[in-house]
Amino acid sequence: MQKTKLRSTCEKLVAKGKGILAADESTNTIAKRFAMIDLPSTEDNRRDYRELLFTAPSIEDYISGVILFDETIWQRSSDGRMFTDILRSKNICVGIKVDAGVKPMHADTEEALTHGLEGLGKRLHKYRQAGASFAKWRAVIKISDVLPTDACIHKNMQALARYASVCQQEEIVPIVEPEVLMDGKHNIERCYAVTRQVLASLYDELRQANVCLYSSLLKPNMVIAAKDCPNQADSDAIASYTVRCCKETVDEAVPGIVFLSGGQSEEQATMNLGSIFNAGKDCPWAFSFSYGRALQESALRTWQGKNANVAAAQQVFIKRCQANSRAIGG
Ligand code: 5MM
């Protein structure tokens with residue numbers, strides 16, 4: 001197949017030793033993160049924090065792309081430069097979260113559907129003009145004794161496929177993110193069964209929607225026991241289940257799989273990524289990361305919203321970027 005511009009962007013995003021920074025926390029989510037350090041979520045604080053991350057010295061050695069939230073793509077740094085220009089001047093691809101978040105599927109259920117298809121083409125067009133080359137849409141799947149339902153999986157995967165198709169029409173690389181949550185008590189076998197069902201359904205829907213898989217990326221959860229499961233699996237088991245699940249479901253044409261951290265500690269997320277990378281050496285995809293919390297948590301705690309702590313927080317952030325880069329052969 002002829003290499004397209006979208007394929008080249010995918011390859012750049014998963015270049016050896018590089019990964020993605022997910023800095024696309026919506027206004028509600030960033031407020032929760034700032035609450036951990038007792039910082040009010042004002043527009044200025046959000047801008048200062050993103051500036052700290054994007055201007056961290058040598059970020060471009062480890063990070064190939066940054067996913068932004070709508071507010072951030074239009075913001076400027078304190079010296080007046082657009083964030084998008086700062087990132088692109090470092091050869092970092094600009095990404096944008098384009099889903100509009102989740103809403104309950106109906107009354108009396110914990111299941112949710114991701115919204116945001118309305119007007120998506122026009123928004124993508126605007127984002128491309130602003131410098132974005134890739135996008136992200138997250139679907140959320142919850143496990144309990146009775147969940148997920150087939151209907152929840154089906155509707156969410158259908159929406160992901162529709163989003164991916166519109167992205168490609170607008171010359172934007174779609175990252176499809178079906179996240180099976182770590183909340184609850186389920187064991188790793190249950191996470192494997194659900195993740196397998198979700199990914200199989202996703203690739204069915206993507207094929208039916210004629211999405212060019214060759215020019216798309218997958219952002220899944222690792223196959224892992226829930227946070228409150230008494231039998232936590234070790235890193236080798238996580239890698240073995242995760243690689244097996246990908247081999248059974250993900251199309252070979254997909255250039256890369258970039259994992260989310262999903263609430264793992266920074267160290268766990270790095271160690272598990274390294275084990276997956278090693279266990280998956282015979283796989284057709286590049287394995288990498290697209291982490292939010294696992295790249296940012298200790299940097300945020302070091303910053304504390306204070307100018308005097310910016311350099312120290314940047315050092316801590318780069319340390320996490322470097323550790324994850326090393327985990328994938330960088
Ligand atoms: C699952 O969350 C994504 C990856 O972050 P973690 O590595 O922390 O799990 C992340 O890109 C997420 O989609 C964004 O932070 C946006 O989340 P909200 O909840 O604000 O839509």
Side-chain angles (χ1 to χ4, degrees), residues 13 19-36 41 46 49-50 53-54 62-73 93-104 110 112-116 123 132 134-143 156 159-160 163 173-183 191 195 198 202 217-224 226-227 238 242 256-273 276 287-301 317 320-321 323-325 327-328:
L13 285 168
I20 297 171
L21 165 66
D24 60 321
E25 299 86 356
S26 56
T27 314
N28 278 343
T29 304
I30 197 74
K32 282 189 214 153
R33 307 278 186 264
F34 281 2
M36 291 185 328
S41 180
R46 294 192 291 269
Y49 177 57
R50 267 69 185 246
L53 297 174
F54 306 160
Y62 317 106
I63 298 296
S64 54
V66 175
I67 315 174
L68 305 176
F69 183 59
D70 178 74
E71 175 184 85
T72 322
I73 202 168
C93 299
V94 173
I96 181 79
K97 165 192 168 74
V98 295
D99 65 70
V102 298
K103 286 187 192 159
E110 287 182 76
L113 284 182
T114 302
H115 289 254
R123 283 190 288 133
F134 73 103
K136 194 212 77 174
W137 176 291
R138 171 172 171 251
V140 180
I141 304 295
K142 187 174 168 44
I143 298 182
N156 270 304
L160 266 169
Y163 139 83
V173 167
I175 297 190
V176 288
E177 180 182 359
E179 179 182 9
V180 176
L181 296 175
M182 274 175 74
D183 299 341
C191 180
T195 305
V198 166
L202 173 63
L217 293 174
L218 172 66
K219 174 168 173 169
N221 51 286
M222 296 177 188
V223 175
I224 195 167
K227 278 183 210 143
I238 291 166
T242 303
I257 300 179
V258 294
F259 291 96
L260 58 89
S261 57
Q264 299 177 58
S265 73
E266 292 177 329
E267 288 75 17
Q268 273 174 336
T270 304
M271 187 170 72
N272 292 335
L273 180 68
I276 291 170
F287 284 116
S288 183
F289 58 91
S290 174
Y291 290 166
R293 286 161 285 183
L295 285 175
Q296 297 181 48
E297 193 169 336
S298 50
L300 184 59
R301 289 189 194 280
F317 168 62
R320 291 316 323 155
C321 294
N324 287 297
S325 164
I328 53 167

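All ligand and atom numbering here is 1-based and tracks the order in the structure.
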A.B. asks: Measuring from non-hydrogen atoms of Ile67 to any atom of ligand 1, is the shortest distance under 4.0 Å?
C.D. replies: no

A.B. asks: Do any nitrogen or oxygen atoms of Tyr291 come within less than 3.5 Å of a nitrogen or oxygen of ligand 1?
C.D. replies: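 No, Tyr291 has no N/O under 3.5 Å of an N/O on ligand 1.
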
A.B. asks: Could you tell me, atom by atom, which parts of ligand 1 come under 4.0 Å of a heavy atom of Glu179?
C.D. replies: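 Every atom of ligand 1 under 4.0 Å from some heavy atom of Glu179: 1 (C).
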
A.B. asks: From the options Gln296, Lys32, Arg293, Arg138, select the one whose nearest heavy atom is closest to atom 17 (O) of ligand 1.
C.D. replies: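 When every heavy atom of Gln296, Lys32, Arg293, Arg138 is considered, Arg138 comes closest to atom 17 (O) of ligand 1.
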
A.B. asks: What atoms in ligand 1 come closer than 4.0 Å to a heavy atom of Glu177?
C.D. replies: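 Listed by number with element, the hits are 1 (C), 2 (O), 3 (C), 13 (O).
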
A.B. asks: Is any N or O atom of Ser261, backbone or side chain, closer than 3.5 Å to an N or O atom of ligand 1?
C.D. replies: yes

A.B. asks: Considering both backbone and side-chain atoms of Lys219, is one of its nitrogen or oxygen atoms within less than 3.5 Å of a nitrogen or oxygen in ligand 1?
C.D. replies: yes

A.B. asks: Name all residues meeting the ring pair (Phe, Tyr, Trp, His ring centres under 6.0 Å) criterion together with Tyr163; count only those two or more places apart in sequence or in a different chain, and write none if there are none.
C.D. replies: Trp137

A.B. asks: Give the atoms of ligand 1, by number and element, whose distance to some non-hydrogen atom of Ser26 is under 4.0 Å.
C.D. replies: 18 (P), 20 (O), 21 (O)

A.B. asks: Numbering the atoms of ligand 1 from 1, which are under 4.0 Å from a heavy atom of Ala22?
C.D. replies: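 Matching atoms, with element in brackets: 11 (O).
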
A.B. asks: Might you work through the side chain to side chain contact (heavy atoms under 4.5 Å, CB included) test for Asp183 and Glu110, ending with a clear yes or no?
C.D. replies: CA-CA 12 Å; Asp183 299 341; Glu110 287 182 76; over 6 Å; no

A.B. asks: So between Glu25, Lys97, Lys136, whose heavy atom ends up nearest atom 12 (C) of ligand 1?
C.D. replies: Lys136

A.B. asks: Apply side-chain hydrogen bond (donor to acceptor under 3.5 Å, both in side chains) to Gln268 and list each qualifying residue two or more places apart in sequence or on a separate chain.
C.D. replies: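 Partners of Gln268 under the side-chain hydrogen bond (donor to acceptor under 3.5 Å, both in side chains) test: none.
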
A.B. asks: Looking only at distances, can you tell me whether any N or O atom of Gly262, backbone or side chain, sits closer than 3.5 Å to an N or O atom of ligand 1?
C.D. replies: yes

A.B. asks: Is there at least one pair of N or O atoms, one from Leu260 and one from ligand 1, spaced under 3.5 Å apart?
C.D. replies: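 No - when backbone and side-chain N and O of Leu260 are compared with those of ligand 1, no distance drops under 3.5 Å.
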
